[in-house]
Amino acid sequence: MDIIEIDKAFVANTYARSPLVATSGSGAVIRDENGKELIDLGSGIGVNCFGACDDEWVNAVETQLHKLQHISNLYYTEPQTELAKLLCEKTDMKKVFFGNSGAEANECAIKCARKYSSDKYGAGRSTIITLDNSFHGRTLATLSATGQDSLHVHFAPFLEGFKYAPANDFAALETLCDGAVCAVMLEIVQGEGGVIPLDKDYVEKIAKLCTDKDILLIIDEVQTGNGRTGTLYAYMQFGLTPDIVTTAKGLAGGLPLGCAMLGDKVKDTMTAGTHGSTFGGNPICAAGALNILSRLDETLMAEVIKKGEYIKAELSCAKGVKSVTGLGLMLGIETERDAKIIAAECLEMGIIVLTAKTKVRLLPPLNIKQEELEKAIQILKGVIAQ
Ligand SMILES: *Cc1c(COP(=O)(O)O)cnc(C)c1O
């Protein structure tokens with residue numbers, strides 16, 4: 001039996017997988033079991049931000065692997081401590097909680113927002129407003145936070161205390177902000193929802209409303225974070241000072257790590273015993289993240305913006321393309337043909353692209369070589385044009 005057949009027999013059937021068995025890679029190139037090479041415009045889903053097996057990153061992770069792989073969070077390790085310090089220095093956030101994923105980062109944010117409010121105002125101020133078409137994770141709490149009716153099936157009862165507002169409609173959100181609201185949670189660019197950036201003016205108004213009413217502003221940067229949109233975090237382009245920022249996907253360059261960064265108001269809200277994780281922030285993942293974070297500098301961010309503009313310019317007026325949205329190297333392409341069919345044909349043609357809702361989605365490695373990018377975009381253009 002081949003891998004795909006064995007997978008179908010033994011792995012829970014929760015993914016609509018594409019027929020690629022990935023065995024190795026280097027940079028933006030992924031190899032399958034037959035040695036075929038593909039150019040990767042997905043980075044996992046925005047995870048391998050320096051591509052596959054980047055030398056410096058491998059070295060950083062391997063060095064830590066030979067020192068110590070794990071110790072309980074009841075003790076200290078240098079990589080975790082250094083990573084928290086670096087994240088705070090680069091963001092002006094004050095403290096960091098580490099988990100293993102985006103959903104866990106958001107769980108922490110939800111718990112922290114509710115505790116902040118109950119500490120200060122007592123019970124009954126626990127509602128969190130999120131946006132229609134948002135995506136915040138697959139656990140029951142983060143699924144409840146996710147504003148998509150199609151995902152609110154099968155698993156009832158969902159967690160109470162979430163209300164959903166249509167994106168980019170400030171009046172609608174303001175109406176929902178009654179005395180029971182403790183937080184607003186949003187993605188600056190809705191990723192899974194179809195790569196849709198929020199209007200700057202809308203987000204600014206929300207930030208002001210939140211400050212005025214002592215409602216916490218939680219920015220979900222699980223997908224937009226870690227250089228993906230051309231700044232370290234996307235909220236930085238919007239001039240915001242969030243109360244909580246969550247991130248994961250690209251944070252450790254391919255290892256499972258997520259975190260909730262806590263701002264001034266909530267830096268001491270979570271106390272001993274109120275939250276935890278066995279693996280969160282373990283030294284291996286932290287060492288990987290330290291390497292990634294220290295390399296997301298201005299030069300690289302300028303490259304990300306330039307490559308994003310290149311892709312937009314190539315595709316905006318291309319045959320079969322209706323629109324291109326997104327920021328930096330997080331792009332959604334609305335096509336005349338079905339996006340899933342385009343992605344399947346691309347795979348056959350030797351490039352990996354993702355989809356989001358009805359769009360083709362691109363999240364290439366941040367340091368993809370220009371010639372690889374050009375080659376892949378020409379192939380993609382050809383497939384879209386058919
Ligand atoms: C992927 C994603 C999540 C969930 O992250 P997991 O690591 O899969 O739990 C949450 N929020 C956003 C915006 C995401 O893109």
Side-chain angles (χ1 to χ4, degrees), residues 12 14-17 42-49 97-113 128-148 151-152 155 159 162 164 167 183-198 203 217-229 232-235 238 240 242 244-261 277-282 285 288-289 292 325-332 354-357 359 361-364:
T14 60
Y15 304 101
R17 296 202 209 259
S43 313
I45 301 180
V47 168
N48 297 340
C49 46
F97 173 83
F98 291 106
N100 306 289
S101 66
E104 285 174 89
N106 286 336
E107 284 276 344
C108 176
I110 291 165
K111 285 177 74 174
C112 182
I128 297 173
I129 297 177
T130 66
L131 301 185
D132 287 347
N133 199 42
S134 57
F135 185 82
H136 298 295
R138 292 286 189 171
T139 63
L140 275 167
T142 58
L143 206 51
S144 304
T146 293
Q148 299 190 40
L151 295 176
H152 293 167
F155 312 113
L159 192 65
F162 292 94
Y164 316 101
V184 173
M185 177 160 157
L186 41 90
E187 302 155 87
I188 296 285
V189 184
Q190 294 191 327
E192 301 303 311
V195 199
I196 306 165
L198 297 180
V203 179
L217 180 60
I218 304 170
I219 305 292
D220 179 343
E221 297 250 11
V222 172
Q223 190 162 153
T224 52
N226 313 301
R228 178 54 54 191
T229 68
L232 185 58
Y233 293 98
Y235 77 82
F238 282 56
L240 302 176
I244 304 175
V245 177
T246 60
T247 193
K249 290 194 167 83
L251 177 59
L255 291 170
L257 181 66
C259 74
M261 295 181 252
S277 165
T278 297
F279 288 114
N282 83 81
C285 300
I292 297 291
T325 54
L327 291 176
L329 284 175
M330 177 175 183
L331 295 167
L354 303 166
T355 60
K357 288 280 159 69
K359 291 184 182 174
R361 173 172 41 161
L362 305 183
L363 300 167

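Each ligand, and each atom within it, is numbered from 1 in the order the structure gives. Every value quoted in this text rests on a predicted model; they were computed, and no experiment measured them.
- How far CD of Glu221 is from CG of Leu186: 10.0 Å, rounded to the nearest 0.5 Å.
- A distance of 12.5 Å separates OG in Ser101 from CZ in Arg138, rounded to the nearest 0.5 Å.
- Protein residues having a heavy atom under 4.0 Å from any atom of ligand 1 are Ser101, Gly102, Ala103, Asn106, Phe135, His136, Gly137, Glu187, Asp220, Val222, Gln223, Lys249, listed by chain and number.
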TODO: Please lay out, stage by stage, how Asn100 and Ser277 fare under the test side-chain contact (heavy atoms from CB on, under 4.5 Å).
DONE: CA-CA 8 Å; Asn100 306 289; Ser277 165; 3.5 Å; yes

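- At least one side-chain heavy atom of Leu329 sits less than 4.5 Å from a side-chain heavy atom of Arg228.
- Between the side chains of Lys357 and Gln148, at least one donor N or O sits under 3.5 Å from an acceptor N or O.
- Atoms OG1 and CD, from Thr247 and Gln223 in turn, are 10.0 Å apart once rounded to the nearest 0.5 Å.
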